[in-house]
Amino acid sequence: MSVKAKYQPVLDLGEKLAVKNGDVTEENGVLKIKGMTKTQYEKNLLWDKIKEIGGEHPSDIKANITVEDDSVYARHTVKSGESLSKIAKHYYGDPMKYKQIFEANTNILKNPDLIHPDQVLVIPNL
């Protein structure tokens, strides 16, 4: 199996995330990838996928992933049935961090219990 085939799920995820300036080359059995994600959260998703396939310190891949907007962790479009605590659990693994999301969005939110579908929320860096 080629190293590119091994890491195809990473390349597929990069395509799904619309990574910009993407470049993939293979040299001496090492896959070299580079590109730019929109946010740190998307970069983390790619690294999580790399580690899922290659282990914690893979030697057969070198990735240079930059972030277009490092002023935020992510941007999230609210879906029906979501709450700030559910969104906080998704991004941070801790529903109590909903307060940080609320604070970062006081320009559009007046009450942490009132969010609406299609609102685009800033998920702040912690």
Side-chain angles (χ1 to χ4, degrees):
M1 171 193 286
S2 79
V3 77
K4 185 174 180 186
K6 176 181 174 181
Y7 287 102
Q8 190 60 47
V10 175
L11 303 178
D12 294 343
L13 178 59
E15 207 167 285
K16 184 178 159 204
L17 296 173
V19 169
K20 293 180 181 169
N21 306 324
D23 187 45
V24 179
T25 57
E26 195 173 330
E27 238 177 76
N28 303 322
V30 176
L31 190 67
K32 295 182 176 184
I33 62 173
K34 72 174 193 178
M36 179 185 294
T37 60
K38 289 182 210 71
T39 63
Q40 182 66 43
Y41 175 71
E42 290 180 351
K43 177 179 176 175
N44 290 356
L45 289 176
L46 285 169
W47 273 109
D48 289 346
K49 183 61 76 178
I50 288 169
K51 290 176 184 176
E52 182 184 309
I53 296 167
E56 197 60 37
H57 303 288
S59 59
D60 57 355
I61 187 168
K62 292 198 183 317
N64 180 3
I65 304 165
T66 56
V67 175
E68 185 175 0
D69 182 359
D70 60 8
S71 69
V72 301
Y73 184 62
R75 294 187 191 283
H76 179 85
T77 302
V78 177
K79 293 168 201 64
S80 181
E82 286 186 321
S83 64
L84 288 183
S85 58
K86 185 176 177 183
I87 294 167
K89 182 161 177 48
H90 172 79
Y91 287 101
Y92 304 131
D94 180 354
M96 294 312 291
K97 294 214 162 68
Y98 78 88
K99 296 174 194 130
Q100 285 90 330
I101 296 174
F102 176 70
E103 289 300 320
N105 291 279
T106 53
N107 58 325
I108 57 171
L109 300 178
K110 301 301 169 226
N111 179 331
D113 297 324
L114 288 177
I115 63 172
H116 304 285
D118 299 323
Q119 284 179 315
V120 178
L121 303 178
V122 167
I123 308 302
N125 292 306
L126 295 182

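Atom set for the values below is all heavy atoms of this structure, side chains included, hydrogens, waters and symmetry mates excluded. Counting from 1, the numbers follow the sequence of the chain as shown.
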Exercise. Would a 4.5 Å heavy-atom cut-off, applied to side chains only, mark Thr37 and Glu68 as touching?
Worked result: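 The answer is no; the side chains never approach within 4.5 Å.
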Exercise. Do the non-hydrogen side-chain atoms of Val10 and Ile33 ever get within less than 4.5 Å of each other?
Worked result: yes
For this session: Indicate yes or no for a side-chain donor-acceptor contact from Thr106 to the backbone of Leu109 under 3.5 Å, with no hydrogens or angles considered.
Result: no
Problem set entry | Short N-O contact, Lys51 and Asp48, less than 4.0 angstrom |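 Result for this pair is no, no salt bridge flagged.
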Problem set entry | Gap separating the NZ atom of Lys89 from the OG atom of Ser83, nearest 0.5 angstrom | 11.5 Å
Exercise. Hey, are the side chains of Tyr73 and Val122 touching, using non-hydrogen atoms and a 4.5 Å cut-off?
Worked result: no
Exercise. What is the distance from atom NZ of Lys16 to atom CG of Leu11, rounded to the nearest 0.5 Å?
Worked result: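 If I round to the nearest 0.5 Å, the distance is 14.5 Å.
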For this session: To the nearest 0.5 Å, tell me how far Lys86 NZ sits from Lys79 NZ.
Result: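 Taking NZ in Lys86 and NZ in Lys79, the distance rounds to 9.0 Å.
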Problem set entry | Exam field: side chain Lys49 to backbone Asp12, donor-acceptor pair closer than 3.5 Å |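 A pair under 3.5 Å: no.
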For this session: Answer yes or no: does atom CG of Asn111 have more than 12 heavy-atom neighbours from other residues, nucleotides or ligands under 6.0 Å?
Result: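 Result for CG/Asn111: enclosed.
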Problem set entry | Inter-residue atom distance Lys99.NZ - Ser85.OG, 0.5 Å rounding | 10.5 Å
Exercise. Under a 4.0 Å N-O cut-off, is there an ion pair linking Asp60 with Lys6?
Worked result: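 So Asp60 pairs with Lys6 through a salt bridge.
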For this session: Using the test ring-ring contact (aromatic ring centres under 6.0 Å, His included), find all partners of Tyr91 that sit at least two apart in sequence or belong to another chain.
Result: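 Tyr91 satisfies ring-ring contact (aromatic ring centres under 6.0 Å, His included) with Tyr41, His76 once adjacent residues are dropped.
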Problem set entry | Pro112 to Phe102 - nearest heavy-atom pair and separation |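 For Pro112 and Phe102, the tightest heavy-atom pair comes out as N-CE1, 3.5 Å.
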Problem set entry | side chain to side chain contact (heavy atoms under 4.5 Å, CB included) between Leu126 and Tyr92, worked out | CA-CA 9 Å; Leu126 295 182; Tyr92 304 131; 3.5 Å; yes
Exercise. Is a side-chain N or O of Asn125 found less than 3.5 angstrom from the main chain of Asp70, in a donor-acceptor match?
Worked result: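 Flag set: sc Asn125 to bb Asp70 pair under 3.5 Å.
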Exercise. Does the distance from a Lys or Arg side-chain N to an Asp or Glu carboxylate O, for Lys4 and Glu26, drop under 4.0 Å?
Worked result: no
Exercise. Of the non-hydrogen atoms in Tyr7 and Pro58, which two are nearest, and what is the gap between them?
Worked result: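 Looking at all heavy atoms of both residues, the shortest contact is OH-CB, 3.5 Å.
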For this session: Measure across Asn21 and Met36 and return the closest heavy-atom pair with its distance rounded to 0.1 Å.
Result: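 Looking at all heavy atoms of both residues, the shortest contact is ND2-CE, 4.5 Å.
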Problem set entry | From CA spacing to verdict: side chain to side chain contact (heavy atoms under 4.5 Å, CB included), Leu121, Ile87 | CA-CA 10 Å; Leu121 303 178; Ile87 294 167; 4.1 Å; yes
Exercise. Sequence neighbours excluded, which residues qualify as side-chain contact (heavy atoms from CB on, under 4.5 Å) partners of Asp69?
Worked result: Ser71, Val72, Arg75
For this session: Output, in order, the C-alpha distance, side-chain angles, deciding distance and verdict of side chain to side chain contact (heavy atoms under 4.5 Å, CB included) for Ile61 and Val3.
Result: CA-CA 8 Å; Ile61 187 168; Val3 77; 5.7 Å; no
Exercise. Shared ILVMFWY cluster between Leu84 and Met96, side chains joined below 4.5 angstrom?
Worked result: yes
Exercise. So, for Lys38 and Val67, which heavy atoms are closest and what is the spacing to 0.1 Å?
Worked result: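 Result for this residue pair: O-CG1, 3.9 Å.
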For this session: Please check if Ile50 and Val30 belong to a single hydrophobic cluster, counting links between Ile, Leu, Val, Met, Phe, Trp and Tyr side chain heavy atoms closer than 4.5 Å.
Result: no
For this session: Test Gln100 against Glu103 for side chain to side chain contact (heavy atoms under 4.5 Å, CB included), laying out the working first.
Result: CA-CA 5 Å; Gln100 285 90 330; Glu103 289 300 320; 5.7 Å; no
Seminar exercise, completed: In this structure, CG of Asp118 is separated from OG of Ser80 (nearest 0.5 Å) by 9.5 Å
Exercise. Okay, side chain of Lys43, backbone of Ile65: is any donor-acceptor separation there less than 3.5 Å?
Worked result: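 Yes, the answer is positive, given that a donor and an acceptor are paired below the 3.5 Å cut-off.
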Exercise. Which heavy atom of Gly14 sits nearest a heavy atom of Leu46, and at what distance?
Worked result: N-CD2, 3.8 Å
Exercise. Which heavy-atom pair separates Ile101 from Asn105 by the least distance, and what is that distance?
Worked result: O-ND2, 2.7 Å
